[in-house]
Each structure stands twice: as structure tokens, then as C-alpha cells.
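Not measured: the values here are computed from a predicted model.
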Amino acid sequence: MAAQFVKPFRKAQSSKNDRNDADAIAIAQGDTALRKALGDSDTRATLPPILLQALDHLSAHWYQVRERLHECDQHIAAHAAQDQRCQRAQQITGVGVLTADALVAHIGDGRDFHNGRQLAAWLGLVPTQHSTGGKAKLGH
């Protein structure tokens, strides 16, 4: 495809390469885009019947996966609503139901850690380090 036709769709206007061009002209991603493409009668009319049958089977499977994900989300939300530890964790800015439930599932009540810095290190969050002249200064 000629560059002048792809340019308006590129995210990064300054960097022209094959990857950015392919990303710009590729179809939309996500569940909504997939359902729209599978339901488009013009698209379906141009596809062979054997492919349509396979797509219908995959569409039915994807529907089952979405339903199961919805059930899991409901179970997680119900558990988090009943667990005091999850409710406390959700009071932290940016921590929702899923993160709070996962945090409680991994660390329990947190008594294994002597302080917040140990928990942060266990999570992989490390403080900034400013070292000079053989002296290591750890930030927040």
C-alpha cells in the first residue's frame, strides 16, 4: 500500500516502518470488533461455506468463554464484598476488586512481612537508588 494512504492511520506519524504501517491498516482489535466482523453480512457473503462453518463454531465457543469470564467476575466480586481484607485493600487508590482479591490470595493477611518495604520488595517494586562515591542512598 502506498505511504500516502497509510499515513493518516499511523499512530506515530514520524516513524514510518513496516510494523507501524501494518498496525495502521490492520482491522480493529477486541471483542466488539470481532462480533461486528462476524455479523457483517457483506463480509460473510464473500467467504466460503466451510470457513463460515468454522467461524460459527469459533463464535459459539467465544460466546461460552465470555459467559464463563462473566461468571468468574461475579464470583470474585462476591468474594471481595465479603472479605474484610479485600475491602481494606480496595480503599487504596487504583486498587479494584480483582487486584484486591489477587493480593489477598497471594499474601493473606500480610503478617509475614515486617513492614511495607518488605512487601514492596516481594512484589518487585524497588526504591530508587542514588549512589556516588561508594555510598548507596535508597529513595522512596
- line: Nearest heavy-atom approach of Q87 to Q82 is NE2-N, 4.2 Å

field: Pairwise distance CG(D101) to NE2(H106) - rounded to 0.5 angstrom
entry: 10.0 Å

V95 side chain reached by L103 side chain, heavy atoms, under 4.5 Å: no

Listing, residues 113-125 side-chain donor-acceptor contacts under 3.5 Å, not counting sequence neighbours, or none:
| unit_1 | atom_1 | unit_2 | atom_2 | d |
| --- | --- | --- | --- | --- |
| H114 | ND1 | Q118 | OE1 | 3.4 |
| H114 | ND1 | Q118 | NE2 | 3.4 |
| N115 | OD1 | R117 | N | 3.2 |
| N115 | OD1 | Q118 | N | 2.9 |
| R117 | NH2 | G139 | O | 3.0 |
| Q118 | OE1 | H114 | N | 2.7 |

message: To the closest 0.5 Å, what do you measure between SG (C86) and CD (Q91)?
response: 12.0 Å

- prompt: Do we see a donor-acceptor contact under 3.5 Å between the side chains of Q74 and H70?
  reply: yes

- prompt: Given the rule that I, L, V, M, F, W and Y join up when any side-chain heavy atoms are under 4.5 Å apart, are L69 and L58 in one cluster?
  reply: no

- prompt: Does the side chain of R44 come within less than 4.5 Å of D56's, by heavy atoms?
  reply: yes

Shortest non-hydrogen contact between A100 and A89, atoms and distance: CB-CB, 3.8 Å

For the student: nearest non-hydrogen atoms of A80 and Q90, plus distance: CB-NE2, 3.7 Å

- prompt: Atom CD1 of I76 and atom CD of E71: how far apart are they, to the nearest 0.5 Å?
  reply: 12.0 Å

query: Do other residues, nucleotides or ligands put more than 12 heavy atoms under 6.0 Å from the CG atom of L51?
result: yes

task: To the nearest 0.5 angstrom, please state how far the CG atom of L47 sits from the CD atom of Q53.
output: 13.5 Å

